[in-house]
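Any value given below was found using the heavy atoms of this structure, including those in side chains, with hydrogens, waters and symmetry copies removed. Throughout, a chain's letter reflects where its sequence line sits, starting with A, and its residues are numbered from 1.
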Amino acid sequence: MSTTLTSLAREGGGAVPQRIVNDFSLQVATANGSGSQTSNIVLMRAIFQMGIPVSGKNMFPSNIQGLPTWFTIRASKHGWIGRKKEVDFLVAMNPETARQDCLELEPGRVLVYDEPLKLNELRSDLIMVPVPFDKLVGPACPEPKLRKLVKNMIYDGVLAFLLDIDMEEIHKALFKQFGPKKVKAAELNWGAAQAGFNWAQENVKVEQPYHLERMDGNKDKFIIDGNAATALGCVYAGCTFVAWYPITPSSTLVEQMMVYLRRLRTGPDGKGTYAVVQAEDELASIGMVIGASWAGARAMTATSGPGVSLMSEFVGLAYYTDIPAVIVDVQRVGPSTGLPTRTMQGDILSNAVLSHGDTRHPILFPSGPEECFSMAGEAFDLAEHFQTPVFINTDLDLGMNVWASDPFPVSDQPLNRGKVLSSDDLERLGGFERYRDVDGDGVGYRTLPGTNHPAASYFTRGSGHNEKAQYSERPEDYVNNVDRLTRKFESIRHAAPRPEVNCLDGAKIGMVYCGTSREAGLESQDQLMREYNMPTSTFRVRAYPYPDELNEFIDRHERVYIVDQNRDGQLHQLMQLDLTPARVAKLRSLRYYNGLPIDARSITDDIRGKEAE
Amino acid sequence: MSTTLTSLAREGGGAVPQRIVNDFSLQVATANGSGSQTSNIVLMRAIFQMGIPVSGKNMFPSNIQGLPTWFTIRASKHGWIGRKKEVDFLVAMNPETARQDCLELEPGRVLVYDEPLKLNELRSDLIMVPVPFDKLVGPACPEPKLRKLVKNMIYDGVLAFLLDIDMEEIHKALFKQFGPKKVKAAELNWGAAQAGFNWAQENVKVEQPYHLERMDGNKDKFIIDGNAATALGCVYAGCTFVAWYPITPSSTLVEQMMVYLRRLRTGPDGKGTYAVVQAEDELASIGMVIGASWAGARAMTATSGPGVSLMSEFVGLAYYTDIPAVIVDVQRVGPSTGLPTRTMQGDILSNAVLSHGDTRHPILFPSGPEECFSMAGEAFDLAEHFQTPVFINTDLDLGMNVWASDPFPVSDQPLNRGKVLSSDDLERLGGFERYRDVDGDGVGYRTLPGTNHPAASYFTRGSGHNEKAQYSERPEDYVNNVDRLTRKFESIRHAAPRPEVNCLDGAKIGMVYCGTSREAGLESQDQLMREYNMPTSTFRVRAYPYPDELNEFIDRHERVYIVDQNRDGQLHQLMQLDLTPARVAKLRSLRYYNGLPIDARSITDDIRGKEAE
Amino acid sequence: MSTTAVPPKKTNRIGLEVLHYKGSKTTLCAGCGHNAVSERIVEVFYEMGVQPWKVAKFSGIGCSSKSPAYFLNLAHGFNSVHGRAASVATGAMLANRDLLGVVVTGDGDTASIGIGQFVHMLRRNLPLVYIIEDNGVYGLTKGQFSATSDYGAKSKGGALNEMHKLDCCLLGIELGATLVARTFSGDKKQLQAILKAAIAHKGLSIIDVISPCVTFNDHAGSTMSYAYVKEHDVALHELDFIPHYEDIHLEMEEGDSQDVTLHDGSVLRVKKLGRDYDPTDKMAAIRVLHEAEEKQEVVTGIFYINTQTKDFYETLNMTDTPLAALPETLTRPSQEALDEIMEELR
Amino acid sequence: MSTTAVPPKKTNRIGLEVLHYKGSKTTLCAGCGHNAVSERIVEVFYEMGVQPWKVAKFSGIGCSSKSPAYFLNLAHGFNSVHGRAASVATGAMLANRDLLGVVVTGDGDTASIGIGQFVHMLRRNLPLVYIIEDNGVYGLTKGQFSATSDYGAKSKGGALNEMHKLDCCLLGIELGATLVARTFSGDKKQLQAILKAAIAHKGLSIIDVISPCVTFNDHAGSTMSYAYVKEHDVALHELDFIPHYEDIHLEMEEGDSQDVTLHDGSVLRVKKLGRDYDPTDKMAAIRVLHEAEEKQEVVTGIFYINTQTKDFYETLNMTDTPLAALPETLTRPSQEALDEIMEELR
Ligand SMILES: Cc1ncc(C[n+]2csc(CCOP(=O)(O)OP(=O)(O)O)c2C)c(N)n1
Ligand SMILES: Cc1ncc(C[n+]2csc(CCOP(=O)(O)OP(=O)(O)O)c2C)c(N)n1
Ligand code: SF4
Ligand code: SF4
Ligand SMILES: [Mg+2]
Ligand SMILES: [Mg+2]
C-alpha cells in the first residue's frame, strides 16, 4: 500500500509530477544537538552557491539536546525568502516527530526518511524515499562515537542527488563550514555526503518534481545571520562599550561582536579600543551602558524581552536625563519562561512606552542583515545626537537565522557624536546650560566628565532640575523640561530612517508592516496581484516615531492592513496613538503570533478574506 | 507705604472687603521638618469639627528637613475639596520663600507673616498681619530647644482669631492629634496656640474678609489619608501576605497597614494571621507576592512608579501564568530621581501594558478614601477570580493627603477566592486541566500546593504549555493560551467597578477622568454651568479595561474632554487603543502635569477656551 | 500463600512506590550532572517517606531550573523567572508553612542575576532546601562563564576566565544559612545524606552540588568537569543520616564522630576523615573554604549546621495555621472594630 | 611690603583654593553624619591637590546619595537610580579610565536593593572610591531598618530589628575589594587618612562610614547613634598617610608600625594600637570582623589592603586612551577589512 523507491509505482498521486525548478521549500526534521545544523547549513550554502535565492529557518526547542528541531530551506527563483507555509519536501530523521510530520504533508509531496521509521505504512499519497542511514553511516564513519553526528551529512548527499545539487558545491560549502582548522572533520563528513549521494544514485529510482538549477540570483551576496550583521554594524559604528547578559536569541550578537572586535579593533599595543563586560544581569548591563554613554563612550547592550523589562527603570531615567543608549532587542515569544526559541515582534508597544511616568522611546526596525548593519550606525547617531535611548527591535527570525545579504556599505559620513562641548567650546562660550533648548529641537548641549574646564561640570539627576541642571522642584521647571522632551521626540520623527514604500498603480488597499514581515509582505503583494488581480501597495515602517509619509500613504488608499507579528497588533496600536481618528478608521489589523516566522500565504488569504467581506 | 495692622489703613485695595464665609483657601508656607505639619493638621481638623467641608494638601520637598513646604487648607461650603488654584490667605513662615510667595498673591488677599520678614516692604495691596512669633514663643515655651516646633502652633491661635475658629475646637483637635500618650507636648502646644490667639485678640485691628462659620457638612465623616484607607481596605479584604519595599509616597500605606494588622489581626495565641515582609527590593517583593498568591494567600504589595518598573518582568510572568496579585501604585512624578513628593497619574499606560510580549493588566482608580477602602476588596476579588495581577492606581495626592471621608462599609459578601479546587473537588471530578477554559470566561481552575490529592499537582511555567499545563512548544498551544488570556481580559471588562456618570440635561459636551481628578472635575462641571451656562456631563472611569458605558457616554455627546494628570494623556491614549475611531474622533485631551493636584479652574478655562475655538 | 499473587510492590513507610516520586522524562543532555541530582531527589524523598503533595518545587531559568519537572510530579512546581526563585519560594512558604519547599537552581541563576535575592534569603532562615546545580557555566545559553567559574578556568572555546569565583557556600555561612554543604552530583552517597539532613532541618539549607555540564564545561581546562572534580574532591567527613522514625539505638562512637540532632529528631552523624572538623563552628567553616580555594581542592561535606537559630516563621510571629488555609472568619475583622477606628478618626 | 595687598589666598599644590572643592549648600538635616563626610571629602581632595574636573561623582538614591551635590561642584555628578550606582560608575569609569571615580551611597542603597550590583562590583577591582554612608536606616524614606541594622537594635518607633546585620566590609574582603575600611563620620582624622589612601589606591576601595541619622536613628536603643558609636568605637590602628609628592624621608618605626606603599607612591603608615594586625592578611581581616560582631564593638580602621591584584582595566586588556577620547580613526575599521569578512562569508 505504500509508495517507496522500490515499488516505483506512485499510487493516489495521479499525474506524473511536473518538474518544479528553484521554487519549493524543504524541511529537515531532526533532534536538537544531533549535529544536523551543520548539514542543513551546508545544504543551504550549496544552493546559495548555485546562484539560487535561498533562505534557511531553524525552528528549534528551548533545550540543548534531544528535543525536536525543524530546519526549513526555501529556494525561490523569484527571490521570495520569507517562510513558505507549506512544506514541499520533508526529510524525516527524528523518530519522535516523524509520524506527525509525515501526516501533515500535502498529498503529492516528497518525503525522505530514515528507513526504520517505516513511514511508508502511514500514507500512500506521498513520494517516499526511505534511506538506510544506519547502514550507510558505518562504512562512512569507522568511529562509532561520531556516527550520530555524521549521519546527518548523509542526507546532504542523498538530497544532492535528488535535487540536482552539484556535489562540488556540497564539497565547497562543507569545507567552508568546517573552516581550515577542522579539515579532518570536514573530510569525514565529506565521505558521508558522498556515501549518501552514491547510495541514492544507485538505489533511488523514484521520480520527484523538485529540482534545482544554477541561476545568477546571488551576485555579490554572502550569507550571514542578523545578529552577526548587527554586531558588525556596531563595530563599524565605532561602538566602544558593550555590557550584556546572555539571553537567547541575542547572545550570539555579542558573542560574534567580541570576535569581530578582537579582529578589527585591537590596536598595535595589542589592547582593545573597546570594553565588553558580561554583567551580572540586565539591570547592571543597562546601568553600565548609561554610565558609559554619560561619560562619552558609544555604548550599547543587546538583550531580549525579559532583559528589556528589567531595564525599565533605568531606561526611564536615561530618557528624562538625556543620556544616549543603544539597546538591541532581539525579540522572542514572552514571557520569561515562555518560548525563548520562537520568534515574535512582541515588544514594540512596551518598548515604546517603557518605564513609569511619561516616556517615549524611538525604535528602529531592521528587516534584514543589510539593515542590521546600517541601522546599528543610525541608532548610535540618533542616540548620541538626540541624547536618548534608542531601541533596535530585531527578532529571533532575523537574528538567529542565516540570510543571503547584499554587501554592507561602510558609511562615508563622520559619526554623529551629537552636541558635546569641549573645553575650547566652553572657553569660547563662557559656559553652558545643560538642558536649554538652544536650537529648538529639544536637544541641549552636554559636556563629558573629565573636560578640563571649570565651567564643564553639571549634575545629572532625574527630573528635579531646571535648565541649568540645578536642583529644582518648581512645577514650571518640570513642565518646561518634559515639554522639551516632547519636542525632542518630534525632532526624532523627522530624523529617523525613512520608510520603504511601494505603491502600485490602481491600488485601493495598502499593507503596512515592519522588520522581518517585509519578505512575507512583498510576496503577498505579488500573490494578491498575480492570483487575485488585487493591486496592493506596501509601506514598510523603518522606525518609530512613525514618519509623516505614513499619513500620505493612508490617505492614498481606501483601506490599509497593518501586519503585526504579535497578538495585540502592537504596530497598529502605536498608530492608533499617533494618527488622526480619520486615518485610524482606515486601518485593519492582521496579527500572526504562533511563534513561527510570518508567511505570505497567510497574509494573502486574510486580506482576500477581509476584502471579500 | 505698607499695610500693616498698626497702620490699619488699607491702601490700593479699594472697597472694604466683603465677608467671605466658608469658601476660601489658606496656605501655610514653612520649612520641612519644622513641625508645621502638626499645626496644619490641627487647623484643618478644627475646621472639620466645625462641620465645614475642608481639605488639606501638603506640597513638600524630597528631603527631610529644611526645604520649603506649603500646606493648603481649603474650606468650601459647597463641598469642593479639590485644590483651589488661587491662594486667598497666606501664612508666610519660611524666610526662603516668603518674598516669592508674597509676590504671587492676588491683590486684596490676606498675608499673615513672621514679622522680621518685613513683607510689608514688598507690596501694599494686600491685607497684612505681621506676627512677632519669636517674641511670643519665649513665654509660651521655656525650653529653647522646643521653640522651633512650638512656634508653628502660635499661628493656629492667630488664625483662630482671624478666621473665627472656636478655640475649643483647636483644643480638641490638638489633643486628638497628640493622643493620650503625649499630653505634655499637647499642653505645651496648647499654650502656644492660646498665646497666638491672645496676642491677636489684643493686637490685630485689621479687617479681613475670610471667615468660618459652623455648618453641618461633615456628618458621620472622619479624617483619613488615602494610604491608611487602602491599608484598612486590604486588612478588611482578608489580605494575608504583604511584601514591600519602602518608597514615597507608598511607604505609609504599608506602615499603617502593619499597625492595623497588629491591632485587628492578632489571634488569641498572640500570633498574626498574616505575614508582612520588608523585602530587599521591589523585584523581591513582587516575587514573594506571586509565590504567596500561587500558594493561596491573598497577597499584595504597594509601591510607586520606580518599583513598578522593576516588577515588570515578574508581572508579565504572572499574567501569562494566571497568578493573582494586587499591586497598589501610589503614583508620583517620574522618573526615579524625579519629584518623588509631587503627584501625577503618570503610570496608567505603562502599567496597562507592563512587561514584554503581549500583556494587558486591569487597573482600578479610586478617587477618595472610601474607594481606597472598597476597591482594595474589589481588587483582591478580581485578582483571585480572574487569576491575574490587578493594579490599584492611586497617587500622592490621594495617598498622602488627609481627606474627610464618609464611613467605610464592610462588604457583606463573602470573599471571592476564585476557582480553586479542593481535594474533594478533585475526588469528585477525577482530575482537572489547569488552563482549560471550562466556563468560557478565559479563567481556568487551579489547585493550591499542599492539596492532599494525587491529581492536585500541576507545573507552572510561562507560556510553554498546553491546557493541561504540560510542557509544549507547539504553536497551536501558544495561540490557544494567549487567546484565552484575551478572552479573560474581556471578562474583566464586565466585572470591574462601574463608572460614576453624571449626565446633565442638554449637555453637548462631556468630561471623562479618573481617580483624584474627580473633585476638580465635578467642581469644573459646576463652574461651567454656573459661570458659562455650559451644561457638561461627567464620566468617571473607575477601572481599566474601560466599561461599555463609556461608548454610550461618548455617543450622547458631541465632544468629550479626557482629563489627564500626566503629560501624554495616558487615560486618553488607552481609549485610543480601545474605542472605535469614530468615538476617538470625539475625544479631546486635556493634560495637567506640573506635579500639583489638579484644580477645577484650569479645566474650566481650558474647556471654555477649546469650546470657543 | 497464594502462588498467583504478583510480588508485592516495594513501598516506603507511607505506602508509596518510588514511581510516585518520579517526574517527567528529562530533556537535559544525556550525562548532565543535573539528571543525577534529580534521581537522588527521587530516591531520598521516597526513602524518607515524604508526602509528595506536601512538597513545593521552585526554580528560576536554566537547564538546572528545568529539573523540578523531572522529579516529584505529584508536587506542585513553579519554574519562575531567571534568578528570582528565592523570592517566589519565600512567598509560597510563608503562604503555606506546612509545605516542604525545594528550590533547584543554577549557578548563573543564583550567583549572577540572582545574587541579590540569594543574599537576602540567606538572612532570613526560612525553612527551605535550596539546591544549586553548579556547573560553572550558563548551560542553557550555551556556555558562558558564570560567577562560580574558577579563576583561570578555560571555556570550551578556549577563553580564559579572569574573574575570581564567588563561593555560594561561603556566603551562605557568613550571611545566615543554617545548613551549608557542598557535594558532587557523582557522589551518590554523600548527596543522599546531605539531602536527607536538609529535609530534616527546619531552617535554610544551601546545597551546592557540583554538577558538570557535559556539553559546555566538561573539557580539559575546565575545573568543573567530571574528571577534574573526581580528582580534586576531598571529603571533609563521612556523613550518616539516621532518620527519626527508624528506631535505632545510637551509640556514640568515641572521638572520631559527632552527632547533630536535627529538628525532627533525626540524627546526622559526622565521622572524622583525617581532620578534626566541627560543623557547628562557623569560623572553622569559613577557614576550611578559604584553605580549599588556596589548595585548589573541591572540599565536600556539610560545612556548617546550626539548629539553634530562630526560623523566619518565628521571627515573623506567624500563626501556626498556613495563611492560605485561614478561614474568612479569621482574616476579616468586624464592622465594630472598623467603627471604632473611624470614631477615633472623627 | 605693600600694606594694601590682600592676604594671599591659601591654595593647594595645583593652585586651587578650598572653595574650588566645595559643593552646593546641603539640604540634609543639621547634624546628619553625611554632612561631615562631605566636608572631609572637600578637605581631602583639596589637600591632595586632585583636579576637581578629573573627578566623577556617582550615587544612587537616598539622603546619602544626595551628598555628591554637596562637594566638588566642579566635578560631574550623577544621581542615578536606587541601588545601582555601582553599574553606572562602572560604565563611566570604563568609558574614561582617566577619571577618579567616587561613589557615595547609603546602606539601604548598597546593602538592600543594591546588594547584587555591590557583590559583582567587588569582584572586578575597578579603581573606584566607594563610600557607604551607613546609618542603619533608610533616612530618605523615614526610618525603616536597613540590612546593616544590628540584630536587636530598636527603631525610633520602638520596633525591634530581628534580622542579622549584613556587613559590607566582610563582603568586600571576601569578594575582592582591595582596600576595605570602616570609620566613623565623627572621626575626622581617621576618615581623612582613609579617604587619602583610597584616592591613592588604584583598585576598588570600600569605605563604610558609620554616619548617624540624627532624625531617625540617633535615639537610645539604636546601635548607630552618635553616642553608641562613640562608646563602642575601637580603632584597629592609627593611620598616617604620607603623600608621594611630599618629599618626606620615611623612617621605619620599629615593631609597632607597618608601611604599605600605594600605587602612586604614597605610603600608608599603619601604627599599632594594642593589637598586632597586618592589613594585608585577608583571614585576619575576616576574623577581626567576626570578633567585633561578637563583642559588639565598632572596630574601625583599614581592615584589608591589597596592592598586588590586577585592576579591571588590565583584566579587560583595554587601551590606555580613555574610550571616550578615541578618535574615529581608531574606532571605525576599514572598508577593506569589511570586504574581507564578507568575502569569507560568500
Ligand atoms: C532576565 C533573563 N536574562 C537572561 C535569561 C537567559 N538565561 C536563561 S538560563 C540562563 C543561565 C542559566 O545558567 P545556570 O543558572 O547556571 O543554569 P544551567 O543552564 O547552567 O544549569 C540565562 C542567562 C533569561 N531567561 N532571563
Ligand atoms: C526603586 C526604588 N525603590 C525605592 C525607592 C525609595 N527610596 C529612596 S531612598 C531609599 C532608602 C535610602 O536609604 P539609604 O540608602 O540607607 O540612604 P539614607 O537616606 O539612609 O542616607 C528608598 C527605599 C526608590 N527611590 N527607588
Ligand atoms: S547544556 Fe549542560 S547543563 Fe544544560 S542540559 Fe546539557 S549538560 Fe546539562
Ligand atoms: S533623615 Fe537622617 S540621613 Fe537623612 S538627612 Fe536627615 S539625618 Fe541625614
Ligand atoms: Mg550553570
Ligand atoms: Mg541609610
Side-chain angles (χ1 to χ4, degrees), chain B residues 221-224 232 235-241 243 260 264-265 267 269-277 279-281 283-299 313-314 317 407-408 410 414-415 447-454 456-462 471, chain C residues 20 24 27 51-58 68-69 72-81 84-96 98-99 116-117 119-120 124 316-326 328 330-335 337-339 341-346:
Chain B
K221 288 198 198 250
F222 59 101
I223 288 187
I224 193 166
L232 269 171
V235 172
Y236 272 84
C239 169
T240 46
F241 183 81
Y260 288 128
L264 301 169
R265 296 274 297 278
D269 55 357
K271 295 179 178 178
T273 60
Y274 60 89
V276 181
V277 181
E280 64 273 23
D281 64 11
L283 284 119
S285 52
I286 188 68
M288 291 179 194
V289 166
I290 288 172
S293 289
W294 176 81
R298 286 214 132 177
E313 187 192 14
F314 251 134
L317 180 77
F408 300 161
V410 178
L415 304 178
T447 55
L448 303 181
T451 303
N452 194 337
H453 195 279
S457 72
Y458 69 95
F459 200 92
T460 300
R461 50 165 82 78
Y471 191 71
Chain C
H20 294 113
S24 306
T27 63
Q51 291 180 307
W53 42 85
K54 285 280 178 200
V55 178
K57 309 174 290 184
F58 306 92
L72 265 62
N73 261 353
L74 293 187
H76 275 68
F78 196 147
N79 183 191
S80 68
V81 301
R84 325 279 177 201
S87 62
V88 174
T90 300
M93 298 304 293
L94 290 173
N96 187 344
D98 285 352
L99 294 173
Q117 299 212 332
V119 161
H120 284 276
R124 295 189 191 104
L316 290 179
N317 191 28
M318 282 169 63
T319 191
D320 296 338
T321 315
L323 299 180
L326 289 172
E328 250 183 80
L330 287 178
T331 64
R332 298 176 84 187
S334 66
Q335 176 73 54
L338 184 64
D339 290 343
I341 287 172
M342 292 188 293
E343 192 48 43
E344 288 167 16
L345 294 169
R346 230 154 238 146

Engineer: Just how far is it from atom CG of L232(B) to atom CG of L338(C), taken to the nearest 0.5 Å?
Structural biologist: 6.0 Å
Engineer: Shorter than 4.5 Å, heavy atoms on both sides: which option in G77(C), A92(C), A325(C) has the most such pairs with chain B?
Structural biologist: G77(C)
Engineer: Answer with side chain, backbone, both or neither: which region of E344(C) has an atom nearer than 4.5 Å to a non-hydrogen atom of chain B?
Structural biologist: both
Engineer: Using a 4.5 Å cut-off on heavy atoms from C-beta on, say whether the side chain of R124(C) contacts that of V277(B).
Structural biologist: yes
Engineer: Is a side-chain donor or acceptor of N452(B) paired with a backbone partner of W53(C) at a separation under 3.5 angstrom?
Structural biologist: no
Engineer: P333(C): which residues meet the side-chain contact (heavy atoms from CB on, under 4.5 Å) condition with it, sequence neighbours left out?
Structural biologist: V235(B), Y236(B), L264(B), R265(B)
Engineer: Have H76(C) and T451(B) got a donor and an acceptor in their side chains that come within less than 3.5 Å?
Structural biologist: no
Engineer: Are I341(C) and Y260(B) close enough that some pair of their side-chain heavy atoms sits under 4.5 Å apart?
Structural biologist: yes
Engineer: Tell me, for P68(C) versus chain B, whether the close heavy atoms (under 4.5 Å) come from the side chain, the backbone, both or neither.
Structural biologist: both
Engineer: Could you tell me which of N79(C), T90(C), D98(C), L72(C) has the largest number of non-hydrogen atom pairs under 4.5 Å with chain B?
Structural biologist: N79(C)
Engineer: Could you tell me which of K57(C), M93(C), Q335(C), K54(C) has the largest number of non-hydrogen atom pairs under 4.5 Å with chain B?
Structural biologist: Q335(C)
Engineer: Does any heavy atom of chain B fall under 4.5 Å from the side chain of A89(C), the backbone, both, or neither of them?
Structural biologist: neither
Engineer: Could you have a look at D339(C), L326(C), N96(C) and say which one has the most heavy-atom pairs with chain B under 4.5 angstrom?
Structural biologist: L326(C)
Engineer: Mind checking whether M288(B) and L94(C) have side chains closer than 4.5 Å, heavy atoms only?
Structural biologist: no
Engineer: I want to check something: taking the side chain as every heavy atom from C-beta on, are T27(C) and Y471(B) in contact at a cut-off of under 4.5 Å?
Structural biologist: no
Engineer: If I compare all heavy atoms of F241(B) with all of G91(C), which pair ends up nearest, and what's the gap?
Structural biologist: CZ-CA, 4.2 Å
Engineer: Using 0.5 Å steps for rounding, measure from the OG1 atom of T273(B) to the CG atom of L323(C).
Structural biologist: 7.5 Å
Engineer: Measuring from atom CE of M342(C) to atom CD1 of I224(B), what distance do you get when rounded to the nearest 0.5 angstrom?
Structural biologist: 9.0 Å
Engineer: For E328(C) and G238(B), indicate whether the former's side chain and the latter's backbone hold a donor-acceptor pair under 3.5 Å.
Structural biologist: no
Engineer: I'd like to check P407(B) versus R346(C) (side-chain heavy atoms, cut-off strictly below 4.5 Å). Are they in contact?
Structural biologist: yes
Engineer: Within the structure provided, determine whether S87(C) and L283(B) are in side-chain contact (heavy-atom separation under 4.5 Å).
Structural biologist: no
Engineer: Between L345(C), L74(C), L330(C), T321(C), which shows the greatest number of heavy-atom pairs under 4.5 Å with chain B?
Structural biologist: L345(C)
Engineer: What distance do Y274(B) atom OH and T331(C) atom OG1 have between them, rounded to the nearest 0.5 Å?
Structural biologist: 13.5 Å
